[in-house]
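Below is one structure, written out as structure tokens; comments come after it.
Reminder, nothing fancy here: chain letters follow the sequence lines and each chain counts from 1.
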Protein chains: 2
Amino acid sequence: MLRQAGVKVTQPRLRVLSCLLEAQAALSHAEIESWLSAEDAGELDRVTLYRVLDSLVGCGIASRSLDARGVFRFMLKSMQLAHAEHAHFHCQRCGRVFCVASMPVPTPSLPTGFVGISVALEISGLCPPCA
Amino acid sequence: MLRQAGVKVTQPRLRVLSCLLEAQAALSHAEIESWLSAEDAGELDRVTLYRVLDSLVGCGIASRSLDARGVFRFMLKSMQLAHAEHAHFHCQRCGRVFCVASMPVPTPSLPTGFVGISVALEISGLCPPCA
DNA sequence: ACACCAGATGCAACATTGTTGCATCTGGTG
DNA sequence: CACCAGATGCAACAATGTTGCATCTGGTGT
């Protein structure tokens, strides 16, 4: 993936990628950091992780979004596409994101001249543990 | 408004409220702070401003949302309600936001245990001039 | 008009998230 | 194998938001 995207294949990038590949949901910087620090390979520098994530987003491998607390979360672009069809629930307290399969994203009906590229249906509130 | 909401009527709250009443858009903490510091009455403590905003949101007078950078912005609930029922279109090129009256926000149908507080339908794309 | 007190304010210190500068290291290329 | 653009690691900084605590004040009962 990295080679295809035209960026250098480095240890940190491979580790972060494998993390995103395994993830079930969009991960925050802090979550990736603690996940990686549990590995044998040891910790990854905080700043390096920020820059690795920037580069993955920049070359189109990953996508960046905001959770309800205003924290950036990352997921593979390929996975993100699979989540474009239903709503997402953002917990205002813990920041976790849940898929709401029961709420499909409506097809855009835009005024003439507007070109829709993506639609997102975002619900804010409290998840069961936090409520 | 404050008395009706059942909270104490204090100087800081009145100053922040008048600020929000005049505002054309949702304001960030920093914007309100610099606006207030230009007044004759002098500066308002940073922390007090956070707590005033919390109390206004808590008693239902104001509402809190996130901008694209992950910064909280505040506006009067009365103004926000006028925008809660329809979708918003964000132009990826010029950044402008348009109301899409033709796309109503669906009523949430959440799994048991989840408490929904707000729903937003956000479309990204290109507006007529940019397309 | 006065005293009281829950809640609001102001200050200091801290926490979290994200960024910048710079010296060093390394993946890819010739 | 040597080179170098770009990646990494470290330190310091910046922006945003939170907590603890002493003091002050708006509202209420007297």
**Prompt:** If you look at every strand shown and take non-hydrogen atoms under 4.0 Å, does Val7(B) touch a base, only sugar-phosphate, or nothing?
**Reply:** nothing

Who pairs with [N] - Watson-Crick or G-U, where each distance is under 3.5 Å:
N	value
dA12(C)	dT19(D)
dG29(D)	dC2(C)
dC25(C)	dG6(D)

**Request:** Give a yes or no on whether a salt bridge exists between Glu39(B) and Arg15(B), defined as a side-chain N under 4.0 angstrom from a carboxylate O.
**Result:** yes

**Message:** Can you tell me which nucleotide in dT9(C), dG9(D), dG18(C) comes closest to the side chain of Phe72(A)?
**Reply:** dG18(C)

**Candidate nucleotides dG28(C), dC10(D), dT9(C), ranked by approach to the side chain of Asp45(A) - the nearest** = dC10(D)

**Prompt:** With ring centroids as reference points, do Tyr50(B) and His29(B) lie under 6.0 angstrom apart?
**Reply:** yes

**Prompt:** Does Arg64(A) reach the main-chain N or O of Phe74(A) with its side chain, forming a donor-acceptor pair under 3.5 Å?
**Reply:** no

I want to check one thing: is the phosphate of [N], taken as OP1 and OP2, less than 4.0 Å away from some side-chain N or O of [X]?
X	N	result
Arg69(A)	dT17(C)	yes
Thr48(B)	dG10(C)	yes
Thr10(B)	dG7(C)	no
Arg51(A)	dG9(D)	no
Arg46(B)	dG10(C)	no

Please state how far atom [atom1] in [X] lies from atom [atom2] in [N], giving the value in whole angstrom units.
X	N	atom1	atom2	answer
Arg93(A)	dG17(D)	CZ	P	18 Å
Tyr50(B)	dT9(C)	OH	P	16 Å
Leu66(B)	dA15(D)	CG	P	19 Å
Leu49(A)	dT19(C)	CG	C1'	14 Å
Asp54(A)	dT17(C)	CG	P	16 Å
Leu44(A)	dC25(C)	CG	P	18 Å
Leu17(A)	dA7(D)	CG	P	14 Å
Arg64(A)	dT17(C)	CZ	P	15 Å

**Message:** According to a hydrophobic-cluster definition based on side-chain heavy atoms being under 4.5 Å apart (Ile, Leu, Val, Met, Phe, Trp, Tyr only), do Leu126(B) and Ile123(B) belong together?
**Reply:** no

**Request:** For Lys8(B) and for Arg13(A), locate the closest nucleotide of DNA chain D by heavy-atom distance; then report the residue assigned to the nucleotide nearer the 5' terminus.
**Result:** Arg13(A)

**Fill in**
Assert: residue with more 5' nearest nucleotide on DNA chain D, out of Ala30(B) and Ser55(A), is Ser55(A)

**Request:** Flag the pair Val9(A) / Leu14(A) as yes when at least one side-chain heavy-atom distance between them is below 4.5 Å, and no otherwise.
**Result:** yes

**Request:** Identify the two heavy atoms, one from Ala131(B) and one from Gly113(A), that lie closest to each other, and give their separation to 0.1 Å.
**Result:** CB-O, 4.0 Å

